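Right, one structure below, let's go through it.
Just so we're clear, the structure is a prediction, and the values are computed from it rather than from any experiment.
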Amino acid sequence: MKSTLFCFTRTIFLAIPHENMLYFESMDKRDKIGIIGLGLIGGSMAIALRGKYDVIGMSRNPDTAAYALDEGMISSVATSYFDFSDCTAVIVCTPLAVVEKTVRDVRNALGDGVIITDVGSVKGMLCGIKGRLIGGHPMAGTEQSGIRAAKERLLENAYYILVDYNDNPKDLETVRNIVLACGAVPVVMTADEHDRLVAKISHLEHMAAYSLVSSAMTGEEEIVGSGFTDTTRIASSDPSFWNTVAHLNRDNLVREMDGYIATLSALRGDIAEGRDITPSLKSAKDKRDKLTYKKRFMTEYVLYVDVPDCVGSIVGVLGRLADAGVSISNLTVMHSREGAGGALRLELKDEQGYKKAKEILA
């Protein structure tokens with residue numbers, strides 16, 4: 001689709017809101033929610049839940065807790081687990097390496113008086129813990145960390161996996177409402193299903209990105225295309241966190257890595273022997289293209305827009321969107337256009353804004 005100024009050369013869908021799920025049942029605002037760990041996820045959940053619940057926060061860093069209180073993210077600061085005794089639920093948002101210990105400590109302190117849930121990206125580690133435990137994993141985040149990176153809409157439209165370890169349907173429904181209050185989309189599955197899934201769609205990709213950077217970058221790169229930067233973006237994530245993930249989900253991750261290595265090795269063999277690799281590439285392309293229609297486990301709406309290299313061209317794009325009331329969550333000027341097919345990368349907040357922007361700019 002072309003106009004005198006703009007040309008969409010590639011369109012990427014990275015999310016879909018579920019119209020019948022983006023709501024939450026009316027809740028008593030007096031209900032208290034405890035959040036242990038006020039980093040990116042904990043802080044973002046606190047912001048999203050304020051006004052809907054009375055949010056009590058705890059952090060091992062007093063400055064972080066004070067910041068959250070001063071900014072109105074939380075209503076009060078907990079200094080011990082007993083301060084959560086009258087909460088409906090306690091959300092453990094600590095670093096992954098100490099999630100299991102924290103969950104056990106909270107349970108030892110409070111027993112079955114509260115629901116305990118977490119946001120860890122590996123769920124098998126909590127199997128065997130009895131009581132009112134509902135596992136959680138919001139499939140959202142950034143390469144940034146800490147409470148100052150927290151965003152009210154970080155979880156908006158993101159899939160949020162829930163695991164009912166001990167068959168507590170009422171507690172599951174309570175946590176589901178908390179998830180909906182954050183704007184996320186709850187999906188219930190077993191711990192084993194979750195860990196096998198994330199090994200395939202998340203953990204493997206991070207290992208591949210780290211490996212690609214280690215293999216391809218020599219420190220002498222002067223020209224780097226957007227294909228490389230897009231593929232390796234997640235290699236900027238916290239190495240200690242991914243070391244923990246690899247340890248906790250080792251068996252699933254190794255199996256997926258073996259499959260990836262076999263596929264890459266077969267492709268290498270075809271190239272080395274001069275065979276036609278078009279069928280292999282087309283098969284992969286077809287699978288990737290289907291994501292546009294399935295839209296499963298995707299949390300962004302992105303448009304790549306081709307603009308002329310002249311004064312005012314970007315302002316013209318933004319002006320058209322602003323006049324139509326379309327809100328942009330992020331904007332990137334692509335210095336290298338290899339593979340991207342556009343000079344301007346726009347992130348929209350929701351599907352409605354995405355469709356509207358695409359219609360206006362086309």
**Request:** Could you check Tyr160 against Val119 for side chain to side chain contact (heavy atoms under 4.5 Å, CB included), going step by step and ending with a plain yes or no?
**Result:** CA-CA 9 Å; Tyr160 197 119; Val119 298; 3.5 Å; yes

**Asked** Which is it for Tyr159 and His137 under the side chain to side chain contact (heavy atoms under 4.5 Å, CB included) test, yes or no, and what are the steps along the way?
**Response** CA-CA 8 Å; Tyr159 285 90; His137 178 201; over 6 Å; no

**Message:** Checking Met139 against Ile201 for the side chain to side chain contact (heavy atoms under 4.5 Å, CB included) test, could you report, in this order, the C-alpha distance in whole Å, the side-chain angles of both residues, the deciding distance, and whether it holds?
**Reply:** CA-CA 11 Å; Met139 301 192 71; Ile201 68 170; 3.7 Å; yes

**Request:** Evaluate the criterion side chain to side chain contact (heavy atoms under 4.5 Å, CB included) for residue pair Ile56 and Ile74; output intermediate values, then yes/no.
**Result:** CA-CA 6 Å; Ile56 304 171; Ile74 58 177; over 6 Å; no

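Clustering ILVMFWY residues whenever any of their side-chain heavy atoms sit less than 4.5 angstrom apart, transitively, puts Ile360 in the very cluster that holds Tyr354. Val254 and Tyr210 are members of different hydrophobic clusters when ILVMFWY side chains are connected at heavy-atom separations under 4.5 Å. Hydrophobic clustering of Ile, Leu, Val, Met, Phe, Trp and Tyr side chains at less than 4.5 Å, counting indirect connections, unites Val188 with Val175.
In this structure, Glu359 contributes its side chain and Lys356 its backbone to no donor-acceptor pair below 3.5 Å. In this structure, the side chain of Asn166 engages the main chain of Gly131 through a donor-acceptor pair within 3.5 Å. In this structure a side-chain-to-backbone donor-acceptor pair under 3.5 Å is present from Ser85 to Phe82. Under the 3.5 Å distance criterion, the side-chain polar atoms of Thr88 are left unmatched by any main-chain donor or acceptor of Ile33. Although no hydrogens or angles enter the test, the distance criterion places no donor-acceptor pair under 3.5 Å between the side chain of Lys123 and the main chain of His194. Between the Ser265 side chain and the Ile261 main chain, no donor and acceptor come within less than 3.5 Å of each other. Between the side chain of Asp195 and the backbone N or O of Gly124 there is at least one donor-acceptor pair closer than 3.5 Å.
Here the straight-line distance linking atom NZ of Lys200 with atom CG of Asn252 works out to 9.5 Å at 0.5 Å rounding. His206 NE2 to Ser211 OG: the interatomic distance, rounded to the nearest 0.5 Å, is 12.5 Å. Between the CZ atom in Arg107 and the CG atom in Leu133 there is a gap of 8.5 Å [rounded to 0.5 Å]. Atom CE of Met257 and atom CG of Leu264 lie 11.5 Å apart (nearest 0.5 Å). Note that OG1 of Thr64 and CG of Leu69 are 12.5 Å apart. Values are rounded to the nearest 0.5 Å. Taking CG from Leu180 and NZ from Lys52, the interatomic distance works out to 10.0 Å, rounded to the nearest 0.5 Å.
When every heavy atom of Asn61 is checked against every heavy atom of Asp63, the shortest pair comes out as OD1-N, 2.9 Å. For Val245 against Ser121, the heavy-atom pair with the smallest separation is CG2-OG, 3.7 Å. Residues Ala150 and Ile47 approach most closely at CB-CD1, 4.0 Å, considering heavy atoms. Taking both residues in full, the closest heavy atoms of Val213 and Ala235 are given as CG2-CB, 3.9 Å, listed atom of the first, atom of the second, then distance. Considering all non-hydrogen atoms of both residues, Ala209 and Ile234 come closest at CB-CG1, 3.6 Å. When all heavy atoms are compared, the tightest approach of Ser145 to Ala149 is O-CB, 3.7 Å.
The pair Arg176-Glu173 meets the salt-bridge criterion, with a side-chain N (NZ, NE, NH1 or NH2) lying under 4.0 Å from an Asp/Glu carboxylate O. Remark: Asp251 does not engage Arg255 in a salt bridge, criterion side-chain N to carboxylate O under 4.0 Å. The pair Lys130-Asp112 does not meet the salt-bridge criterion, since no charged nitrogen lies less than 4.0 angstrom from a carboxylate oxygen.
Looking at Val326 and Arg320, their side chains never come closer than 4.5 Å, going by heavy atoms from C-beta outward. In this structure, Glu193 and Ile161 have side chains that are not in contact, with every pair of non-hydrogen atoms separated by 4.5 Å or more. Side-chain contact between Ile41 and Met45 is present, with at least one heavy-atom pair separated by less than 4.5 Å. Between Tyr53 and Ile178, some side-chain heavy-atom pair lies under the 4.5 Å cut-off. A heavy-atom distance below 4.5 Å is found between the side chains of Met73 and Ile147.
Side-chain N/O atoms of Asp238 and Ser240 include a donor and acceptor closer than 3.5 Å.
In the hydrophobic clustering, where aliphatic and aromatic side chains (Ile, Leu, Val, Met, Phe, Trp, Tyr) are joined below 4.5 Å either directly or transitively, Leu267 groups with Ile271, Ile277, Leu281. Through side-chain heavy atoms spaced under 4.5 Å, either directly or across other Ile, Leu, Val, Met, Phe, Trp or Tyr residues, Val315 is tied to no other residue.
In this structure, Pro239 has no side-chain contact (heavy atoms from CB on, under 4.5 Å) partners at least two apart in sequence or on a different chain. Every residue two or more places apart in sequence or in another chain that forms a side-chain contact (heavy atoms from CB on, under 4.5 Å) with Ala65 is listed here: Ser59, Val77. Judged as a side-chain contact (heavy atoms from CB on, under 4.5 Å), and not counting sequence neighbours, the contacts of Glu100 are Arg104, Met125, Leu126, Ile129. Shown here are the side-chain contact (heavy atoms from CB on, under 4.5 Å) partners of Thr102, two or more places apart in sequence or in another chain: Ile36, Tyr81, Val92, Thr94, Val98, Val106.
Applying the side chain to side chain donor-acceptor pair (under 3.5 Å) test between Lys32 and each of Asp86, Asp54, Asp83 identifies Asp86 as the sole match.
In Tyr260, the OH atom is not crowded: 12 or fewer heavy atoms of neighbouring residues, nucleotides or ligands sit closer than 6.0 Å.
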